[in-house]
Amino acid sequence: MPKDKKLVNFSEDYELNNRLRNNNKRQTEENRQKLKTIGDKAKKQLDKTRLTHEELDKAIERNKKELD
């Protein structure tokens with residue numbers, strides 16, 4: 001299991017903003033909500049309960065058109 005600092009905490013806006021910023025997306029409430037949905041889909045696809053930053057970044061890449 002990865003260390004906690006490598007895992008995304010979806011309840012913390014600053015972590016979601018960090019992922020949005022690193023992927024050149026706007027840090028808005030709407031984008032954070034969409035990111036949570038993208039994260040839920042990725043967790044189901046990977047059969048995981050937690051995602052690493054890298055796994056979420058890959059999911060963002062696959063769903064870039066959904067984010068502003």
Side-chain angles (χ1 to χ4, degrees):
M1 186 73 169
K3 293 184 179 183
D4 279 351
K5 70 179 183 178
K6 292 189 177 193
L7 297 173
V8 179
N9 182 346
F10 285 92
S11 64
E12 295 289 346
D13 285 350
Y14 77 89
E15 283 207 39
L16 299 177
N17 284 338
N18 181 281
R19 300 310 341 134
L20 290 167
R21 185 174 44 253
N22 285 351
N23 285 279
N24 299 314
K25 296 297 179 181
R26 293 179 45 226
Q27 300 167 50
T28 63
E29 181 61 33
E30 184 178 356
N31 271 352
R32 285 189 293 274
Q33 290 302 318
K34 289 177 182 178
L35 194 52
K36 289 177 185 179
T37 301
I38 290 169
D40 287 341
K41 287 182 197 175
K43 285 187 235 180
K44 286 179 186 173
Q45 289 174 341
L46 297 170
D47 195 27
K48 290 184 157 195
T49 57
R50 311 267 322 260
L51 293 177
T52 64
H53 294 280
E54 184 179 322
E55 290 166 335
L56 183 57
D57 286 342
K58 288 178 183 175
I60 291 169
E61 186 64 36
R62 290 190 302 269
N63 294 279
K64 273 202 176 209
K65 291 181 181 178
E66 291 184 37
L67 299 165
D68 297 329

Item checked: Non-hydrogen side-chain atoms of Asn18 and Arg21 separated by less than 4.5 Å -> yes
Notebook entry, point to check: Do Leu35 and Leu56 come within less than 4.5 Å of each other through their side chains, counting heavy atoms only?
Noted result: yes
Next item on the list: Determine the minimum heavy-atom distance between Ile38 and Ala59, stating which atoms define it.
Entry: CG2-CB, 3.7 Å
Next item on the list: Please check if the side chain of Asn31 supplies one atom and the backbone of Arg26 the other of a donor-acceptor pair under 3.5 Å.
Entry: yes
Next item on the list: Taking the side chain as every heavy atom from C-beta outward, state whether Lys25 and Lys64 have any atom pair closer than 4.5 Å.
Entry: yes
Note to self: Can you tell me how far apart CZ (Arg62) and CG (Asp57) are? Round to the nearest 0.5 Å.
What the structure shows: 11.0 Å
Notebook entry, point to check: Sub-3.5 Å donor-acceptor pair from the side chain of Lys34 to the main-chain atoms of Glu66, do we have one?
Noted result: yes
Checklist line | Heavy-atom closest pair, residues Leu7 and His53 | finding: O-NE2, 3.5 Å
Check: Between Glu29 and Arg32, does a side-chain contact (heavy atoms from CB on, under 4.5 Å) hold up when you go through it step by step?
Finding: CA-CA 5 Å; Glu29 181 61 33; Arg32 285 189 293 274; 3.1 Å; yes
Item checked: For the student: nearest non-hydrogen atoms of Val8 and Glu15, plus distance -> CA-OE1, 3.5 Å
Check: Between Glu61 and Lys58, is a salt bridge (charged side-chain N to carboxylate O under 4.0 Å, His left out) present by the stated rule, with each step listed?
Finding: CA-CA 5 Å; Glu61 186 64 36; Lys58 288 178 183 175; over 6 Å; no
Check: Do you know the tightest heavy-atom contact between Phe10 and Lys36?
Finding: O-CE, 3.2 Å
Next item on the list: Carefully, step by step, assess Thr37 and Asn63 under the rule side-chain contact (heavy atoms from CB on, under 4.5 Å).
Entry: CA-CA 11 Å; Thr37 301; Asn63 294 279; over 6 Å; no
Check: CD of Gln33: more than 12 outside heavy atoms within 6.0 angstrom?
Finding: yes
Check: About how many Å separate OG1 of Thr52 and CZ of Arg50, when rounded to the nearest 0.5 Å?
Finding: 11.0 Å
